[in-house]
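Okay, so here's the structure we're looking at.
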Amino acid sequence: MTGTVFDVQRFSVHDGPGIRTVVFLKGCPLDCFWCHNPESKCRVPNIGYAPGLCLNCGACLTACKMNCHRMENDRHVYERAGCRRCGACAEACPAAALETIGRETNVESLIAEAVRDRPFYEATGGGLTLSGGEPLAQPAFAAALLRAAKQASLSACLETSGYADGSVLREVATLADKVLFDIKESDSERHRAGTGVPLEPIVANLSRLAAAGARLELRCPIVPGWNDRDGHWRGLAALARRVRGIEGIRLMPYHPMGVSKAERIGLDSANMPREFPEPDTVAQWAHAVQALTDIPVGVG
Amino acid sequence: MNKGGGFVSESVRRLSEETRRLAELYMSGEVGRSVRPAEFGLSADFVDSGPTPDRLYAEAVRRIAACAPLRILPGEKLAGAATVSEAMRHEVPLTPYRSISHTTLGFEMALRFGYRGVRRRIETRLADNGLDAGERDFLEAMRLCLEAARHWHARHVAELERRMAAARDGERRQLSAVLVALRPVPEHPPRTFREAVQALWLLWNFQRLCGNWSGIGRMDKMLGPFLERDVAAGRTTLDEARELLAHFWIKGCEWITAEGRGSGDAQYYQNIVLAGVDEQGLPVLNAVTDLVLDVVEELRIADFPIAVRLSSRTPERLLRRMADLQRLGGGIVAAYNDDRIVPVLAQFGYPLPEARNYANDGCWELLVPGKTSFGYQPFDALLLQETLGLTRPEPDERRRKIECDEWAPHARPDGARRDYPDFEALYADFHHRLERQIERLTDASAFSDTPCPLLSLLVEDCIGRARSYLQGGPVYTVRSPHAGGLPDVANSLLVVRRLVYEEKTLPLSDLVAIVRSDWAGQEALRRRILTRFEFYGNDRAEADAMLARVFNDYTDLVGARRERHGVLRPAGVSTFGREGSVFLPHRTATASGQKRGAILAPNLSPTPGADRRGPSAAIRSHCSLDYSRLPGGTALDLKIHPSAVAGEAGRTALVGLLRAFVRLGGMFMQTDVVDNDVLRDAQAHPDRYPNLSVRVSGWSARFATLSREWQDMIIARTEQGRYGERP
Ligand code: SF4
Ligand code: SF4
């Protein structure tokens, strides 16, 4: 069983309990304007280019059949128009200035990598986390990974936007020991405007998972100027009250690290906020939400 | 991170305001700057009388005790201070002799018997008519040093009495408390916790005044029982005990000058070891363990680097405290793994009770405290460069014949290399060079005539053998070969094997020429190597296996020379910053893509920037080696950015790293939580961060006091992520 993965990150400590290895699956049906992993959006590989690393060696010119690379005054220029994302130039680039982001890989090799940190998981209650993108964009692969994790006695978390076919989601999610469920906005209109998809099926899926007995944690990206308002805090608290069995609410303060990633793969980053919220502000958010619910509210 | 101005914690407040103020005074460097050269000397008559070196030394100690200024600052709870600046320069004041460091003296024994007990033993020994003149002379010198220590003590008592007579109520009570504790010790064994702390301070500090920089050793093991008895009897409280220990810490900063020393050595090897087990194998974990951590948490004093002995049985609570301290930055608290170390030492030949009682030498090398004359023999194991013909020309014909016939055929007078037909032939040449180097080291004599009767007082069995610390007096004399640069040897071998012998894309001579030219015009190839190879530190089988081969060969070679001329030779691996100072000027570029002048791997840690998969992978790589072969020990230096260990989750993660390190069989790990921007800023504006401290392999240093090259090294280590992204 193979799928497309854009990163495997060991020693992740903020993606479920304990020390974890996070496998980032490529592809996402949402289009959040602030996305901090823009390279996850597209199911096929992206070509990343970091001009700062370029040696102007010209190796990519020879490698590319589509003439996307050229030299101007001895400086390399990459023109994305016409690029088929075949990755030949990245293969040739000595400096990894050009990189193929996203690779086809199989369940066995990912689990083999994940089990290497077993002593760290055992010491901390950690394990494997599937993230993305939206893991459910590759449902069979996600399910196979979770099953293989179970077979290898690894605890596994699933991080999901909740935007997926309900029964498929339930089937996959119940293979996970814990589901980190994103709620980005509690107002329907704003949700559609900010993420490109409706809120209702997400909430329905959340209830469905709760009914199926999934262990749930809400993960709530907070983007200053977009959803950092009392109405959203009330919305979150109400949701957590309505859906039984939510174990925690985690506010994820926006960080602009996605901007450079977007630029690297040639996406327009003009709409992305540029500021980090102040720690004090973040503490106030957490305080405000906690005042409305008994469920523990965490940050980050 | 110890930031200037904020080194006394604002958020943690358990100590009295008075104590906190005293800490600020010491850490500002004001006290240290007042330490002056001795304004007294040996009398000309004495020197002209032609004393033996031991007698000259003893007379110097006598003069120091009689004439060195006393320093008793208002509010201080402990008496004794090292007030002559020659001692800060690693000299025995008033003499031409180097003093001694890299040891931990027998403070535990001295607390049990007092100077009184030591004196009796000397006198008994002197009664032996079979002593020769030299032995007698040495014992006499020891006795004179003890007298001097007694005089130093008496001067403090007299001064305190004088001040008391003039003092008012509050001050008087306070001086009286100092005096009461001071009066009987260290002449007699202490009876209370306060006496014990005073005794330990003075035992250690008088050595220091005379230039000897000893580690402290197992403080909680030594002091804990006193505290427990006192608390049970209602004689003291934990709060009082914490204040007292804080004064120990504060006074230990007496040599901080807050002026750059310009050398890498920014502290005085005053290491402390906590927890672990005692000689019977019972856990050592008591109120003193906790109080020491309290003090460090509040005062952020890094001048006593702390290593905590961990095992699979260490309670979660202690690990969480360590994690909290590690998150403060500055790397003040490091970890030993008893589960690994105790068996290794026992297997090496120490009796089990002594193996269980190990401490360190002032860095992290292992020794049995109070019984060991310790030294280590560092060398650059990047001898592969010679194999490749990248360094100095070979020795001349004559020496070559004598030293190594087998190795000679490949030698070229110009330092150039003949091609090796295959990888094994190349490796064999490296192996020969390694063996030759180890043979040289282990054959060197360990003994010296430099006198050291004062230090020898506190080392078993110098009295019994009537021989000094440097002449085989101690129960163990250890000279531990310490190889540096092994990870870079392995990484280079990996590149050579793949490019030259497997893919055959580059003849060896071409590769060597490229490396010799420092990769000039070959940036593309260099980057290709850096981006395509996964070197040691990434938990990849190929690189780790290559290092294991080099490591096993090294430890085999040293292991075959376990003891020579009465000297133990436990193999160790370390660089202690040599990668940024001593080795650096001699090192050329490497086949692994490093340019000349790059800072290579510290100790047995990944080469800076090579560990792309984070700390768990670095730990796995490190622990893939078999440390039962390494009785001299080694270190893994982990640098973690604060971002990775924030919050409760980050704390859990740090605890997890410690637990996993123990479980995976590592020896010593120090985790430094640092932020590169802070370091860069500190480099540009040292005045902003006078107390910013960073720990490098067993010692911590004030960043501002380090020379530029050391700062660069630390920044290089801090850098995470890919090589390519580094400027
Ligand atoms: S990915 Fe393929 S088509 Fe696109 S620039 Fe590179 S080589 Fe050309
Ligand atoms: S191959 Fe890489 S380094 Fe060379 S010009 Fe192209 S992008 Fe730059």
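Please read all numbers here as calculations on a predicted model, not as lab measurements.
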Of the non-hydrogen atoms in [X] and [Y], which two are nearest, and what is the gap between them?
X      : Y      : answer
A:C93  : B:R528 : C-NH2, 4.2 Å
A:V13  : B:A653 : CG1-CB, 3.2 Å
B:A617 : A:R10  : CA-NH2, 3.6 Å
A:A96  : B:T531 : CB-CG2, 3.8 Å
A:D117 : B:S616 : OD2-OG, 2.6 Å
B:R527 : A:L53  : NH1-O, 3.2 Å

Query raised in the report: Would you call A:P119 and B:R620 a side-chain contact if the rule is heavy atoms closer than 4.5 Å?
Result: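 Result yes, sub-4.5 Å side-chain heavy-atom pair found.
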Query - Residues which pass salt bridge (Lys or Arg N to Asp or Glu O under 4.0 Å) with B:E542, listed by chain and number, not counting sequence neighbours - result: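 Checked B:E542 against salt bridge (Lys or Arg N to Asp or Glu O under 4.0 Å); matches are B:R497, B:R498.
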Query raised in the report: What residues form a salt bridge (Lys or Arg N to Asp or Glu O under 4.0 Å) with B:D544, not counting sequence neighbours?
Result: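 By the salt bridge (Lys or Arg N to Asp or Glu O under 4.0 Å) rule, B:D544 matches no residue at all.
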**Report entry** Interface residues of residues 655-664 of chain B facing chain A - non-hydrogen atoms under 4.5 Å apart
**Finding:**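 Residues in range: B:G656, B:L657, B:R659, B:A660, B:R663, B:L664.
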Report task. Check each atom of B:R540 against the heavy atoms of chain A and say whether the ones under 4.5 Å are side chain, backbone, both or neither. Result ->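 Contact with chain A: side chain only.
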Requested in this report: Would you list the pairs meeting salt bridge (charged side-chain N to carboxylate O under 4.0 Å, His left out) in which at least one residue belongs to residues 85-94 of chain A, sequence neighbours left out?
Outcome: none
